[in-house]
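Accompanying notes for the structure given below.
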Amino acid sequence: MPRSLVVGDLAVPEMAHPYMKKDDDDEDVEYSPFFGIEKGSVLQEARAFHDPQLDVRRCSQVIIKLLYLLNQGETFTKVEATEVFFAVTKLFQSSDAGLRRLVYLMIKELSPSSDEVIIVTSSLMKDMNSKTDMYRANAIRVLCRIIDGTLLTQIERYLKQAIVDKNPVVASASLVSGIHLAQANPEIVKRWSNEVQEAVQSRAPLVQFHGLALLHQIRQNDRLAVSKLVSSLTRGSVRSPLAQCLLIRYTSQVMCESSMNTQNGDRPFFDFLESSLRHKAEMVALEAARKITEMDVTSRELAPAITLLQLYLSSSKPVLRFAAVRTLNKVARTRPLAVTNCNVDLESLLSDQNRSIATLAITTLLKTGNESSVDRLIKQITLFMSDIADEFKIVVVEAIRSLCLKFPLKYRSMLNFLSNSLREEGGFEYKKAIVDSIVTLVSEIPDAKEIGLLHLCEFIEDCEFTYLSSQILHFLGNEGPRTSDPSRYIRYIYNRVILENATVRASAVSTLAKFGALVDTLKPQIFVLLQRCLFDTEDEVRDRATLYLQTLSGEVAIGNDEKDVKDFLFGSFDVPLANLEASLRTYEPSEEPFDISLVSREVRSLPPKEKAAPGKRPPAGAAAAAAPVSTVDAYQKMLSFIPEFSGFGRLFKSSEPMELTEAETEYAVSVVKHIYDGYIVLQYNCANTIEEQLLEDVTVCVDASDAEEFSEICSKPLASLPYNSPGQVFVAFEKPERVPVVGKFLNLLKFTVKEVDTTTGEADEDGVEDEYQLEDFEIVSADYMLRVVVSNFRNAWENMDPDSERVDEYGLGVRESLAEAVNAVINILGMQPCEGTEVVPKNARSHTCLLSGVFIGNMKVLVRLSFGLSGPNEVAMKLAVRSDDPEVSDKIHEIVASG
């Protein structure tokens, strides 16, 4: 019997091996049967499809080669694809079943255009009504893959009949085709609901599985319908294990969407999941256990799932052991105590032949182990680290880091393990994970600082990665001067100046300068070393050495005192590079030097550029969207040219455009809020989308009766607003100086309409006064906060005056999730999340988020938010604030309390 080769959806006979190469002494090595294959030669061989007397075996081999090329990413030109397609269609005259199945695959892979589909439609429809079930099933799959919506209605009747066909292969093929068709033609597929419901009751496992998948896809946008479907099927009408797994997923989804918890007495869905743990099919029991562990359940309700997974840990089947240990690994991230009882079984897996299972077992133990077991686990990890791939090593390293933070007294053995791992072979991502872990441990565990820094210094002696060397040097410059003996690191740093490439040498020069600025006893030695750097061959290195020498010696004045010098060398750079670049590009040489303090600190996320659809109106904010990266600089320049606003001072912040009209209306208006210390300027971006109209004397009447602390002082109307030519209306308000007052603004657009002759472009002399109601908007507390990036939050926090710190606790009530609560507070404050802390791990019950910003009046603000679940979805929060002014810290608490 010849071997089979799986191509696409079908198993086909494997071709001969005309291109195989095998050495006599290398008999155990297998080579590809497609070795040396070329597109040009295969296309030549495809001429065999035109022979009057078809050679079935030869044609089969040619199609397999073509399928191989397509699956390897080989591209055919339009002409080549068309020629192959027409040639393949001639093979329908052969009655060989194997060749016919290859023809089906080839047509699917070529994806013919709509005009080419017609050529094979009749042949495929003939096969759909064939007496051979295999022809019928494959013809349905192919036809539904290549057909468009207009032809679909012609074969819909056949597909509905095929869904309830007695042959499960045909029924399954039509159901799978329906799943694909529902994405592009949902309305047509919805009409098959009765037939699909009948398929769900089928005794054939695959038919029931595909029927349930299609029925859920038809109803997925109707929550009530999905809930009813799940409720009816959980009573025991599903027999197929695959369909049962799908039903478990849908049940879990319904429970999450309806916020149903297991403590309100209504438990039918959870009881179904729990009963599925006892299903005779292992895949069903595993799926039920996995879904229960992902839910917010009590320890008692979680216990049966953990017990089942523990049982599978000792299974003889590797796939069961892997599935169980992977699920337990996920549980251990958020509920380690629940997995503790499995530790003995997990330890037995450390010697498992499958290294993926052993890796998951050790990382799970690291999350659930106690302090006394740390040293023993470290020894066991060391034994098999060299046998696993880098991706698994990274998982182990991250687990070690988490364990060390959990048991800080064990830092010495864990740092030694990480240091030894750095000396082993490994790629960039693996070494970076180790360096990041050591950096984290040094930052979080004070006792680990000196030994951790020495390990990093030893690593950069042989480090082959420029990025990691620069990262370590930067970190060494921040932490090294604060140790008991900073001089021990100078030798390692200066060696980088001598032995490394230009990028690392420049980083080493900066690090030396930081030591000189922060450690007075080392300053003479640093001077000598920096002077040697003046003879470096690289401009960047020499320029840095020159700058730092002059700065440390006082030849270049930076600020008013030594603290300013240290802030310049040691402080974090809080100006976004994109904003700095934009400001430098727009800077015009003059007698006044460039002032970096005037560069906007706000982080802007620009929307992706979209191609405007033909005939689509321009967005109301088109004028603002064309601004450069540093939008505040652009708005500042524009507003300074308007006499009414020129005396308002420095612009603090400009908001993103907010739409005040719905899409596709006759007038498009958006508003931009410009915030000054004592003023607010509202910029209304207006667009006229009616070609037959000209708008004149355009104004916006603003009702600020709900914003009592704002008083309107002036406005700047728009004289004319032609079709498709955006314009701006401005309204200015005075407010208390540097006070974050809030309020609601009601807006009414007023104008005079004049009819326009579209052929001549001339407007009537007489016009009609008209008005258009706009959406309301609010000035909120977040409008007075700039989003500012802080490169090193911990250093920035420590450099803030501790006396400015204000701490309080708040109850945030019932929330959908911890992530929703975090996002809500971030939006209320309008601050920039730091170090990726805005991302909440799945199923986490506590989280810390770090925020930074600049409050109106150019007051730097740092915030630590600590969240925790205190009950069923009840979120509690601890808020710690430090700022340049204690009053600002108090205001941040007031904003949160009122929000």
Side-chain angles (χ1 to χ4, degrees), residues 474 477 506-507 509-510 512-514 516-518 527 530-531 533-534 536 538-604 627-643 645-654 674-679 738 786-792 795-796 799 852-860 884-885:
H474 175 73
S507 297
V509 168
S510 297
L512 286 173
K514 290 180 181 179
L518 297 170
F527 262 89
L530 289 177
Q531 286 172 343
C533 298
L534 296 176
D536 196 276
E538 187 68 29
D539 290 345
E540 174 75 12
V541 179
R542 293 197 306 272
D543 290 348
R544 289 195 186 195
T546 302
L547 171 64
Y548 294 138
L549 278 171
Q550 293 181 350
T551 303
L552 293 174
S553 63
E555 296 179 23
V556 175
I558 297 179
N560 300 319
D561 52 27
E562 188 177 355
K563 182 179 182 299
D564 292 335
V565 176
K566 292 182 179 179
D567 287 341
F568 173 73
L569 292 173
F570 190 61
S572 59
F573 188 70
D574 59 355
V575 178
L577 294 179
N579 295 4
L580 178 60
E581 180 185 0
S583 298
L584 288 171
R585 289 184 182 278
T586 57
Y587 172 68
E588 297 177 359
S590 63
E591 294 182 359
E592 293 187 7
F594 178 80
D595 189 354
I596 195 171
S597 64
L598 299 179
V599 179
S600 171
R601 264 65 173 170
E602 186 169 14
V603 179
R604 290 278 178 175
V629 176
S630 183
T631 1
V632 172
D633 290 345
Y635 283 133
Q636 172 74 44
K637 194 170 184 178
M638 175 189 70
L639 294 170
S640 64
F641 288 124
I642 301 176
F645 311 142
S646 58
F648 285 1
R650 180 71 187 173
L651 178 63
F652 174 70
K653 178 181 178 181
S654 296
H674 301 296
I675 312 296
Y676 293 83
D677 283 351
Y679 303 90
R738 296 185 179 181
L786 286 177
R787 290 176 174 263
V788 174
V789 174
V790 172
S791 58
N792 189 322
N795 283 345
N799 289 333
S852 65
V854 172
F855 196 65
I856 189 167
N858 286 322
M859 296 293 178
K860 292 182 181 179
D884 289 341
D885 186 344

Discussion item. When you compare the side chain of Arg787 with that of Lys653, does any pair of heavy atoms fall below 4.5 Å?
Written reply: no
What's the separation between atom [atom1] in [X] and atom [atom2] in [Y], rounded to the nearest 0.5 Å?
| X | Y | atom1 | atom2 | value |
| --- | --- | --- | --- | --- |
| Ser654 | Leu786 | OG | CG | 9.5 Å |
| Thr546 | Gln531 | OG1 | CD | 10.5 Å |
| Arg738 | Asn858 | CZ | CG | 7.5 Å |
| Tyr676 | Leu639 | OH | CG | 4.0 Å |
| Phe641 | Gln636 | CZ | CD | 10.5 Å |

Worksheet entry | Test side chain to side chain contact (heavy atoms under 4.5 Å, CB included) applied to Ser852 - qualifying residues, sequence neighbours left out | Val790, Gln832, Cys834, Leu862
Practice prompt. Output all residues satisfying side chain to side chain contact (heavy atoms under 4.5 Å, CB included) with Glu538, sequence neighbours left out; order by chain, then residue number.
Written response: Ala502, Arg505, Asp536, Glu540, Val541
Heavy-atom pair with the smallest gap, counting every atom of [X] and [Y]:
| X | Y | answer |
| --- | --- | --- |
| Ser646 | Ser640 | CB-O, 3.8 Å |
| Ala545 | Leu534 | CB-CD2, 3.9 Å |
| Tyr548 | Ser510 | OH-OG, 3.0 Å |
| Ile675 | Leu651 | O-CD1, 3.5 Å |

Worksheet, complete the sentence: Residues passing the salt bridge (charged side-chain N to carboxylate O under 4.0 Å, His left out) test with Asp884, sequence neighbours excluded, are none
Item to complete: Tell me, please, which residues at least two apart from Phe645 pass ring pair (Phe, Tyr, Trp, His ring centres under 6.0 Å).
Response: Phe648, Phe730
Worksheet item: Mind checking what makes ring pair (Phe, Tyr, Trp, His ring centres under 6.0 Å) contact with Phe527, not counting sequence neighbours?
Response: none
